[in-house]
Amino acid sequence: MIALGAVAGCTTSTSEQSSGTDPQRNTAAEASGNGARELTDAERIQVRRAEELLVKKCMEGKGFKYWVARVPTVEERKGQSYALDDVAWAKRYGYGGELEKKAEKARLKDPNLAYLDKLSTAERARYDRTLDGDDAGRMLSAELPTGGTVRTPADSCRVAAGEDLYGNYETWYGVQKTTDNLTPLYVPDLLREKRFVTALKAWSACMRKAGHAYADPPAVRADLEELVDGKSDAKAHAIEVELAVTEATCAKRTALATTARTLEREYRAKKLPRRYSEAIATRRTLETSALARAEDITGSKS
């Protein structure tokens, strides 16, 4: 589920490097008008792993060593929704703070970083160009629904990997950037929807009754850093878990999370201009094809 509070969109032209295809959306698979469905988190992970294997093959073909990057797990992705409603997960992970620390430690130990440090300045620059490209050559671009344009180099190992997975990376890049930036078009109306307002009020009342006066789930996350500041790791985790369990329990009891997910599906299906619905359908078709290729590349099913 998209973080419903994140409604600000880009309004200027920006340039970016191609990155892993790790979309913001976390919802379970759902059917689209053309029969394609949204991938599950496990399937997205499968595609990411395949993409990394393709990047590795490309980089090695260019004379560099490359170690497959760590891909976030299904468990790590569960803490990214608007409201937690998995009580068992909250009891174990809180909001995922310990998982984030573990992931950060893994990133710091990434053998690619150690390898880069051993390269000369010239070779490091060539490595970066090979992996991510640069803006000296042809650029791919995509117009964002909220205005502005994003751009990425068209020649890199990341793009080559995406081309192998999705068949046409330029099309994939366009629909990915479009669909990842749709929330500002419908979330303001969704937040005023009676069903959402009613569920949110009930959730807030439930939290207040449990001793935590918060208007919405993002307010809890915003307050968490200050609440755990200066505490030992064990104490900080206990505070995080207690809050997360209360949030999840109230979200279950009041159906806030399920209401938000239902409304998001409705609004994305009925409130968006046709061209964006078509972009969603195209994305799902490309992702379904990529999953089939990913299963061949990795030799396993998700």
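- Panel note: side chain Lys177, backbone Ala142; no donor-acceptor pair is recorded below 3.5 Å.
- Side chains of Glu264 and Tyr186: a donor-acceptor N/O pair is present below 3.5 angstrom, by distance only.
- Two residues are said to be in side-chain contact when any heavy atoms from C-beta on lie closer than 4.5 Å; Tyr276 and Ile280 fail this criterion.
- Looking at heavy atoms from C-beta onward, Leu185 lies out of side-chain contact with Tyr267 at the 4.5 angstrom threshold.
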Give the C-alpha distance, both sets of side-chain angles, the deciding distance and a yes or no for side chain to side chain contact (heavy atoms under 4.5 Å, CB included) between Ile297 and Leu165. CA-CA 9 Å; Ile297 293 165; Leu165 269 178; 4.1 Å; yes

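- Across every non-hydrogen atom of Thr178 and Leu182, the tightest pair is O-CG, 3.3 Å.
- Taking the centre of each ring, Trp203 and Tyr214 stay at or above the 6.0 Å mark.
- Side chains of Asp128 and Asp134 form no contact here, defined as non-hydrogen atoms less than 4.5 Å apart.
- Rounding to the nearest 0.5 angstrom, the gap separating the CG atom in Asp110 from the OH atom in Tyr115 is 13.0 Å.
- Considering CD of Glu242 and NE2 of His237, their distance stands at 12.5 Å, rounded to 0.5 Å.
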For the pair Glu123 and Arg126, evaluate salt bridge (charged side-chain N to carboxylate O under 4.0 Å, His left out) and give the outcome as yes or no after the intermediate values. CA-CA 5 Å; Glu123 278 297 277; Arg126 191 171 76 85; 3.1 Å; yes

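- Scanning both residues, Leu227 and Leu243, for their nearest heavy atoms gives CD1-CD1, 3.6 Å.
- Annotation: side chain of Asp132 is in contact with side chain of Arg158 (closest heavy-atom distance under 4.5 Å).
- When every heavy atom of Leu131 is checked against every heavy atom of Ser156, the shortest pair comes out as O-CB, 3.4 Å.
- Without hydrogens or angle criteria, Glu295 side chain to Ser300 main chain gives no donor-acceptor distance under 3.5 Å.
- Using a distance-only test at 3.5 Å, with no hydrogens or angles considered, no donor-acceptor pair links the side chain of Arg151 to the main chain of Leu140.
- A donor-acceptor contact closer than 3.5 angstrom is absent between the side chains of Tyr93 and Glu240.
- The hydrophobic cluster containing Trp67 also contains Val55, counting ILVMFWY residues as joined when their side-chain heavy atoms lie under 4.5 angstrom apart, directly or transitively.
- Here Glu278 pairs with Arg274 in a salt bridge; the nearest charged N to carboxylate O distance falls below 4.0 Å.
- Atom NZ of Lys235 sits in a sparse spot, with 12 or fewer heavy atoms from other residues, nucleotides or ligands closer than 6.0 Å.
- Crowding of Lys65 atom NZ: a count of heavy atoms from other residues, nucleotides or ligands under 6.0 Å not exceeding 12.
- Here the side chains of Tyr173 and Ser141 are not in contact, with every heavy-atom distance at 4.5 Å or above.
- Taking Arg107 as the reference, Glu104 meet the salt bridge (charged side-chain N to carboxylate O under 4.0 Å, His left out) condition, with sequence neighbours excluded.
- Looking at Tyr95 and Glu100, their side chains never bring a donor and an acceptor atom within 3.5 Å of each other.
- In summary, Arg48 and Asp41 do not engage in a salt bridge, as defined by a charged side-chain N under 4.0 Å from a carboxylate O.
- Side-chain contact between Thr149 and Leu144: absent, with no pair of heavy atoms (C-beta onward) separated by less than 4.5 Å.
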Thr259/Thr198 under side chain to side chain contact (heavy atoms under 4.5 Å, CB included): CA gap, chis, key distance, verdict: CA-CA 10 Å; Thr259 298; Thr198 299; over 6 Å; no

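- No path of Ile, Leu, Val, Met, Phe, Trp and Tyr side chains, each step under 4.5 Å between heavy atoms, connects Met59 with Val71, placing them in separate hydrophobic clusters.
- Heavy-atom minimum distance, Glu98 versus Asp233: OE2-O, 4.4 Å.
- A side-chain donor from one of Thr298 and Gln46 sits under 3.5 Å from a side-chain acceptor of the other.
- Residues Glu43 and Arg37 meet the side-chain proximity criterion, which asks for heavy atoms closer than 4.5 Å.
- The minimum heavy-atom distance linking Ala83 with Ala257 is given by the pair O-CB, 3.8 Å.
- Checked by atom type, the side-chain pair Thr179/Arg283 shows a donor-acceptor distance below 3.5 Å.
- Note: Leu190 CG to Thr183 OG1 = 10.5 Å, rounded to the nearest 0.5 Å.
- A salt bridge links Glu266 with Arg195: at least one charged nitrogen is closer than 4.0 Å to a carboxylate oxygen.
- Counting non-hydrogen atoms of neighbouring residues, nucleotides and ligands closer than 6.0 angstrom, the CD atom of Glu143 reaches no more than 12 such neighbours.
- Stacking of Lys62 on the aromatic ring of Phe64 is not recorded, the 6.0 Å distance cut-off and the 45° axial limit not both being met.
- Taking 4.0 Å as the cut-off between side-chain N and carboxylate O, Glu75 and Lys78 count as a salt-bridged pair.
- The nearest pair of heavy atoms linking Glu52 to Ala69 is OE1-N, 2.8 Å.
- For the atom pair CE of Met207 and CG of Leu200, the computed distance is 11.0 Å after rounding to the nearest 0.5 Å.
- Taking CG of Leu256 as the start and SG of Cys250 as the end, the distance is 9.5 Å to the nearest 0.5 Å.
- For the 3.5 Å distance criterion, the side chains of Glu247 and His212 fail to qualify, holding no donor opposite an acceptor.
- Counted within 6.0 Å of CG on Asp155, heavy atoms from surrounding residues, nucleotides or ligands total 12 or fewer; the atom is thus considered open.
- Using a 4.5 Å heavy-atom cutoff, the side chains of Asp164 and Arg293 are not in contact.
- At a threshold of 4.5 Å between side-chain heavy atoms, the hydrophobic network of Ile, Leu, Val, Met, Phe, Trp and Tyr places Leu99 and Val220 in one connected group.
- Remark: side-chain polar atoms of Arg208 are not paired, donor with acceptor, to backbone N or O of Ala213 under 3.5 angstrom.
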Can you check side chain to side chain contact (heavy atoms under 4.5 Å, CB included) on Tyr166 and Val47, steps first, answer last? CA-CA 10 Å; Tyr166 295 100; Val47 172; 3.5 Å; yes

Pair Arg253, Asp85 - check salt bridge (charged side-chain N to carboxylate O under 4.0 Å, His left out), show working. CA-CA 9 Å; Arg253 190 171 296 162; Asp85 63 349; over 6 Å; no

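- By the rule that hydrophobic residues join a cluster once side-chain heavy atoms approach within less than 4.5 Å of another member, Val87 and Val241 end up as members of one cluster.
- With rounding to the nearest 0.5 Å, the separation of OG1 in Thr40 from CD in Glu38 is 9.5 Å.
- Cluster membership check: Val187 does not share its hydrophobic cluster with Val197, using side-chain heavy-atom separations under 4.5 Å among Ile, Leu, Val, Met, Phe, Trp and Tyr.
- Of the charged side-chain nitrogens involved, none lies within less than 4.0 Å of a carboxylate oxygen, so that Glu51 and Arg44 do not count as a salt-bridged pair.
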